[in-house]
Number of protein chains: 2
Amino acid sequence: MSVTIKDIAKHAGVSYSTVSKALRDSPLVKKPTKTKIMKIAEELGYQPNVAARSLVQKKSYTIGVVWPSVERVAPSILITNINDILERHSYTTLLSINKLESAIATFNRFQVDAILIFGENEDDKKRSKIQSTVPILYYGIQEGSYFPTIDVNRRLAIKLAVKHLKEIGHQEIAFIGELQTQDPLQREKATGYLEAMNVEKASDLPNLVIPTNGLEVYDGYLAAKSLLTNNKHVTAIVSGSYDLTRGILRAISELSLHVPNDLSIISYDNIPQSPNIEIQLTTVGVPVTRIAQSISETLLSIIEGQELPESIILEPELFITDSCSPIRQQ
Amino acid sequence: MSVTIKDIAKHAGVSYSTVSKALRDSPLVKKPTKTKIMKIAEELGYQPNVAARSLVQKKSYTIGVVWPSVERVAPSILITNINDILERHSYTTLLSINKLESAIATFNRFQVDAILIFGENEDDKKRSKIQSTVPILYYGIQEGSYFPTIDVNRRLAIKLAVKHLKEIGHQEIAFIGELQTQDPLQREKATGYLEAMNVEKASDLPNLVIPTNGLEVYDGYLAAKSLLTNNKHVTAIVSGSYDLTRGILRAISELSLHVPNDLSIISYDNIPQSPNIEIQLTTVGVPVTRIAQSISETLLSIIEGQELPESIILEPELFITDSCSPIRQQ
DNA sequence: TTGTAAGCGTTATCAT
DNA sequence: ATGATAACGCTTACAA
């Protein structure tokens with residue numbers, strides 16, 4: 001049986017409402033009694049009952065996160081960041097790995113203060129029928145969503161990368177990424193590349209667009225091997241993800257090529273780079289900290305009843321470092 | 001503002017206590033009224049308030065899962081399985097990605113019915129000071145835990161693999177896995193290998209124990225490449241994880257070797273194999289479904305107040321298939 | 001400055 | 001078969 005404020009009240013010889021005030025650090029209670037009560041609460045290992053509080057306050061200081069994929073690294077780091085920020089604002093995050101509908105129903109029963117959905121597939125955002133008393137924020141592809149959405153402009157990110165490479169003289173710029181996929185996030189990147197290269201479809205640049213079968217290190221390795229052995233004119237590679245890039249770098253070093261002298265590389269990336277990579281990478285994307293900040297702020301303002309913006313698109317930045325150099329005019 | 005049973009009562013022209021009974025499908029209320037009430041609840045989009053119920057019932061039908069690592073594939077699949085089983089028993093799982101102490105505190109405030117900890121590091125289980133009214137079950141290394149623990153016998157798993165290979169005539173049996181690691185789960189596997197090979201330490205078999213820098217596909221690939229180019233006598237490989245095995249298979253095929261004719265392979269594995277792998281693998285381990293079943297059952301019986309066993313160790317099985325063949329006597 | 005009491009949405013125990 | 005009511009643990013006017 002757990003400790004309640006009544007238990008504390010008995011021990012302290014005060015009424016339980018005084019205890020309640022003391023614990024919430026109300027100015028209506030004297031310092032000495034306050035500290036005495038605090039101490040007793042501590043000793044008894046008191047934990048406030050969320051159910052009781054949220055019943056009367058109609059507020060649970062909890063944010064529900066719909067997390068249908070517990071496996072990807074990038075969103076993992078993102079949710080960790082968000083969690084940290086919200087914690088500082090004394091909110092707790094709770095994740096559900098159930099399907100969208102059922103997760104939302106659960107969170108409604110729990111009366112969480114807001115729901116954050118990590119978008120997985122196109123269908124998610126289209127479910128207009130979903131009922132929720134609790135306000136919802138959606139993180140994923142913006143287009144056509146029925147929920148207020150925060151999105152990262154992946155298309156522009158890759159475009160920036162290609163443009164930068166063109167500006168410093170590159171022409172044979174390859175793209176390595178997932179192409180034949182249902183994942184709209186990946187498709188956006190490919191589209192960005194094609195637009196920046198001024199072509200319609202991937203088949204217009206058969207020697208420069210190398211589709212992968214996944215986003216793992218090994219997929220990048222295979223793609224780069226195939227690219228570099230079949231096409232000797234490539235001077236730059238744009239990579240669709242950090243893991244792919246790691247594989248690409250392995251392939252490059254196996255072929256005794258050098259970055260950036262023989263090849264320039266720009267990697268799409270949100271997450272902070274692990275330092276054990278061989279070279280300081282030029283990256284393009286929205287830093288995870290900025291995404292986390294933006295999502296957290298929006299969540300908080302939604303909770304405070306602010307009229308929520310229909311959609312927020314975060315614009316990417318290019319972080320130019322060693323892995324990228326101007327092409328020597330021949 | 002969300003719909004309550006009082007709202008439903010008004011619409012139905014009955015008292016709210018009748019509504020409560022009807023919704024819980026009590027035999028104390030007539031069919032017609034019951035269906036009428038159900039229908040209205042449906043129409044109004046009623047969701048029961050967990051806070052209110054758990055306050056009076058002292059039961060939330062919720063299990064809190066401490067999930068410090070939101071990134072690994074194997075535990076992801078496990079928690080998904082557990083979630084499914086518990087759902088069938090009308091329990092909801094909620095994950096917290098906070099640190100152990102703070103996650104447990106949160107779940108206590110939420111009055112969840114039980115807490116499941118996914119063990120990450122050695123320290124976790126040693127924290128005897130942790131206060132929790134809610135019963136806790138720990139999944140991870142059993143040894144020295146202060147919580148009731150469910151563990152998988154990884155050491156025996158690898159031993160079984162080595163023994164089987166020996167029985168069918170192999171002698172030069174290599175092990176590829178993570179060695180210099182803090183992760184006790186990985187260390188157990190290496191220990192199992194060393195014990196089965198009757199040696200003290202890894203350095204006693206320098207040509208057969210190949211440590212990796214991680215558990216990714218590429219790590220397996222690199223290790224196998226190095227193993228097979230430096231040691232021509234190897235006839236069998238035991239792999240510490242499924243992803244490593246995928247890399248090992250790549251390396252083998254690049255060297256134009258054939259499984260199982262040139263090399264037998266046994267892979268440690270819990271998760272069901274993805275069908276797109278080239279060969280049906282001989283695996284050893286406890287199937288994830290059995291782990292999930294065992295954890296769920298234990299959780300449920302803990303909740304029902306059963307005296308909980310101090311620790312449960314799940315024993316591995318060997319699944320022999322194509323990737324493993326007897327050695328030809330020379 | 002402290003105590004009293006009402007009420008949050010639900011279940012459960014009594015009456016009716 | 002249905003309704004009235006107390007209780008769960010807490011916050012918050014309001015009274016003292």
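Labels below follow one simple rule: chain letters A, B, ... track the order of the sequence lines, proteins then strands, and each chain is numbered from 1. Only heavy atoms go into these numbers, but all of them, side chains included; no hydrogens, no water, no symmetry mates.
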note: A:Leu28, atom CG; C:dT2, atom C1'; distance rounded to Å ~ 10 Å
Original post:
Are the side chain of B:Asn108 and the backbone N or O of B:Ile104 linked by a donor-acceptor pair below 3.5 Å?
Top reply: yes
**Q.** Aromatic plane relationship, B:Tyr91 with B:Tyr61 - under 30° parallel, 30 to 60° tilted, over 60° perpendicular
**A.** tilted
Margin query: When you measure from the side-chain N and O atoms of A:Ser15 to the phosphate of C:dG3, is any distance below 4.0 Å, counting only OP1 and OP2?
Written below: yes
_Given the structure, check if the side chain of A:Lys58 and the base of C:dG9 hold any donor-acceptor pair shorter than 3.5 Å._
no
Picking from C:dT10, C:dC8, D:dG3, the nucleotide nearest the side-chain atoms of B:Asn49 would be C:dT10
- For B:Thr298 and B:Ser294, indicate whether the former's side chain and the latter's backbone hold a donor-acceptor pair under 3.5 Å. yes
Checklist entry - For B:Ser20, which contact category applies under a 4.0 Å heavy-atom criterion: base, sugar-phosphate, or nothing? => result base
Rounded to whole Å, the CG-P distance (A:Asn108 to C:dG9) equals 15 Å
Looking only at C:dG9, C:dG7, D:dG3, the nucleotide nearest the B:Val14 side chain is D:dG3
Taken to the nearest whole Å, CG/A:Asp25 to P/D:dT12 is 14 Å
Here the distance between atom P of C:dT11 and atom CG of B:Leu23, to the nearest Å, is 8 Å
Walking DNA chain D from its 5' end, the first of A:Gln57 and B:Val56 to be reached, judged by nearest nucleotide, is B:Val56
With the side chain defined as heavy atoms from C-beta on, A:Ser17 is closest, among D:dG9, C:dT10, C:dG3, to C:dG3
Atom NZ of B:Lys21 and atom P of D:dA4 are separated, to the nearest Å, by 11 Å
Here the distance between atom P of C:dG7 and atom CG of A:Leu55, to the nearest Å, is 14 Å
To the nearest angstrom, the NZ-P distance between A:Lys59 and C:dG7 comes to 24 Å
C:dT11 phosphate, OP1 or OP2, under 4.0 Å from B:Arg24 side-chain N/O:
yes
Quiz prompt | Any A:Tyr61 side-chain N or O less than 4.0 Å from OP1/OP2 of D:dC10 | solution = no
**Prompt:** Within the structure shown, what part of the strands sits under 4.0 Å from A:Thr33 by heavy-atom distance: base, sugar-phosphate, or nothing?
**Reply:** sugar-phosphate
For the residue pair B:Phe110 and A:Phe110, does the interplanar ring angle fall in the parallel (under 30°), tilted (30 to 60°) or perpendicular (over 60°) class?
tilted
task: For B:Asp113 and B:Ser60, indicate whether the former's side chain and the latter's backbone hold a donor-acceptor pair under 3.5 Å.
output: yes
Assign each of A:Tyr16 and B:Pro48 the nucleotide of DNA chain C bearing its closest heavy atom; nearer the 5' end lies the nucleotide of A:Tyr16
Picking from C:dG9, D:dT2, C:dT1, the nucleotide nearest the side-chain atoms of A:Lys30 would be C:dT1
Between CD1 of B:Ile5 and C1' of D:dG3 the distance, given in whole Å, is 13 Å
